[in-house]
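Naming convention: chains lettered A, B, ... in sequence-line order (proteins, then strands); numbering from 1 in each chain. What you see below is based on every heavy atom in this structure, not just the backbone, and it leaves out hydrogens, waters and symmetry mates.
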Amino acid sequence: MTGAGTVRHEDGGPRWPGTARCAALVTVNFDGEDLLLAEPGMAGRQKTLSVLRYGATRGAARLLDALDGAGLPSTWFTPVSTADRHPGVVRDVARAGHAVGLRGRVYGPLDRITGAERRPLLAEAAHRLGVLAGGPVRGFRLPVGEWPLTLASELADAGIAWSSSWHGDDTPFVLPAGDGRHLVEFPAHHALDDRVAFYWNVNPPIPAGQSRIAPYAEVLDNWLLEFEGCRREGLLFVVQLHPEICGTPGRIGLVEELLATIAGDPAVWRPTGDELAAWWTATHPVNPPGHPADVFFASAEVNAGGRAFPRESEKP
Amino acid sequence: MSGSVWPDGARSCVALAFDLDGPTGGAMLDGSLWRSPRHFSLGGYDVHRALPRVLDLLDRFAVPATFFVPARVVEMWPEACRRIADRGHEVAHHGDRHECYWDLTVDEQRAVLSRSQAVFRAVLGAPAVGFRTPSGDWHPETPRLLVEHGITYSSSMRDDERPYRHVVDGVVSELVEIPARVDLDDYAYFAYHRDPDFPKGQDRIAGYRSTLDNWRREFDGHHRAGACLTTIWHPKVSATPGRAIVLERLLEHMTAAGGVWFARCRDVAAWWRSRPAGVAA
């Protein structure tokens, strides 16, 4: 897969349009104070919450400027509770031409309630977020916890076309969503998440071991090496940014350098999430043999009777 | 150090080794894995995306390696695991579902070994001759059980930088140990996940270049000492697109040194066994 020409996917089809070598997707997780508010004992901790509120007061605008400077599209995933708390940010994001994606009704796990409870909750959340964003919401990112086995079908019912929540690949893949539908998944990796590198709080201790804030230059270097690897092999590069973490005067430079590298490379395809989902649906509706998602659902059914969507006979 | 202890007068030995754990381990053992697709996909990445990258890298440098693979991974991805052997590498035992031998009774250990050897015979055409303890410790009885199940070497201990023979039932046995070191375990640098959390304190992911520097120094030291270096690398951890570049640069460094015997663990063990017993290295 080196050299000029079309990059081929495992199924033999073109992985990206034309002669693009790789694809890059810039994503933003706008969780705000809701990142911690659902946890016990967090309400009223004004100092700790203000660290997260910074994303709305300053970080988002700075991050939007950086994206504008690089001329890159992005998707901002946000829980409805955060969007309701900061509707101005959501409006600014949409006005600047970026997509707004769903991150649940609140920042919390979705695997503690039943599918019957989730289905209407997600549909309502997607609708509400669409009202705030001024258009339909098509992308989704799971905040915390596990992916409930039937989630793809519930999201498809809510009008969601794609997700960026799993880890099992370096290219998009598809998840069965029932009734012949599927969701396109853009897997993301922890190594490309600014929160993993930089988030720190004294009390309560975050991260749990209060490890040192990572050296900025090393983190940028890691990101650029991952990008170089993606480019070499013709893969999908998904970066996760948080306005309260990297929309700061000291860290925005790292983001600008990364975005400039992506934007300045003519071999990189820089689609919106919707464009990438449409391309993948049209070109690779079936995963290559042995794909982790397919092996999971096959094994889950054999080992535990788990399925991605109900059998016909089990439908209500 | 006087003289070489390696074939053809090589100065040192490098037995590159990867633990291809896939989605085995705690969540598979307690069954929660089948409700955890996101977590499963971290493990699936091992075989689907990272393994082919590692095999290509090994081809490029024409060096062999050993892959310690739990039997369930062999069953779930038989084609991928056959490809490892077809390309000249070794596939060796790493538990059935990556169970910790320390947690098992003698009968349970026996069951894990015989089930895994049966899977290896059925899918790969031959039982494993090599063993690496999954998740840490083994029992005093384990070496004897390994011998009973046709295992001829282990790469589990941390107490030397050269192979040695295990003492089984008070006698120096044919079971060779190829000790590894945590300094060359990529979990200590790069592994990171949440729900369940690793590392427990959610420490940062190490700098790729500073890790490369550590590993170059480890190699340089082993090479100077005429030692045997083996790695505890996991494709899903060390063979992301960016970290594969780190491995590539390390292999460039190792192959440029000259005088290194690159070997599969089974060949290292056979060589060590062929040396006169009792002669100190």
*CD/A/Gln210: more than 12 non-hydrogen atoms of other groups inside 6.0 Å*: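 Atom CD in A/Gln210 is crowded, with more than 12 foreign heavy atoms closer than 6.0 Å.
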
*Should we count CZ of B/Arg60 as having more than 12 external heavy atoms under 6.0 Å?*
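Atom CZ in B/Arg60 is packed in, count exceeds 12.
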
With rounding to the nearest 0.5 angstrom, report the [atom1] to [atom2] distance, [X] to [Y].
| X | Y | atom1 | atom2 | result |
| --- | --- | --- | --- | --- |
| A/His291 | B/Trp77 | NE2 | CH2 | 10.0 Å |
| A/Asn222 | B/Arg243 | CG | CZ | 7.5 Å |
| A/Trp166 | B/Tyr45 | CH2 | OH | 16.0 Å |
| A/His167 | B/Thr240 | NE2 | OG1 | 14.0 Å |
| B/Tyr208 | A/Leu224 | OH | CG | 11.0 Å |
| A/Glu228 | B/Ile245 | CD | CD1 | 4.0 Å |

*Is any side-chain N of the basic residue among A/Glu233 and B/Arg49 closer than 4.0 Å to the acidic one's carboxylate O?*
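A salt bridge is absent here (no side-chain N lies under 4.0 Å from a carboxylate O).
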
4.5 Å side-chain heavy-atom contact, [X] and [Y]:
| X | Y | value |
| --- | --- | --- |
| A/Arg231 | B/Pro241 | no |
| B/Trp34 | A/Val302 | no |
| A/Ile213 | B/Arg204 | yes |
| A/Asn303 | B/Met28 | no |
| B/Pro37 | A/Leu149 | yes |

What part of [X] gets closer than 4.5 Å to chain B, counting heavy atoms only: side chain, backbone, both or neither?
| X | answer |
| --- | --- |
| A/Asp169 | both |
| A/Ala197 | backbone |
| A/Phe237 | neither |
| A/Leu175 | neither |

So which of [options] has the biggest tally of heavy-atom pairs under 4.5 Å with chain B?
| options | answer |
| --- | --- |
| A/Ala304, A/Ala208, A/Ala217 | A/Ala208 |
| A/Pro109, A/Ala300, A/Pro205 | A/Ala300 |
| A/Gly229, A/Gly209, A/Ser211, A/Pro148 | A/Ser211 |

*Are A/His190 and B/His193 an aromatic pair by the rule of ring centers under 6.0 Å?*
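Distance test on ring centres: not under 6.0 Å, no.
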
With a 4.5 Å cut-off on heavy-atom pairs, point out which of [options] contacts chain A the most.
| options | value |
| --- | --- |
| B/His48, B/Arg194, B/Arg38 | B/Arg38 |
| B/His39, B/Arg35, B/Arg53 | B/Arg53 |
| B/Gly43, B/Ser41, B/Pro78 | B/Ser41 |
| B/Ala206, B/Gly31, B/Ser36, B/Gly207 | B/Ser36 |

*Shortest non-hydrogen contact from B/Gly242 toward A/Glu226*: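 That closest heavy-atom pairing would be N-OE1, 2.6 Å.
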
_Filter on salt bridge (Lys or Arg N to Asp or Glu O under 4.0 Å), then keep only pairs touching residues 106-116 of chain A, sequence neighbours left out; what's left?_
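As it turns out, there is no salt bridge (Lys or Arg N to Asp or Glu O under 4.0 Å) pair with a partner in residues 106-116 of chain A once direct neighbours are skipped.
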
*Side chain, backbone, both or neither: which part of B/Lys200 has a non-hydrogen atom closer than 4.5 Å to chain A?*
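For B/Lys200, backbone heavy atoms alone lie under 4.5 Å from chain A.
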
_Under 4.5 Å from any heavy atom of chain A - which part of B/Glu248_ =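 Just the side chain, heavy atoms under 4.5 Å.
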
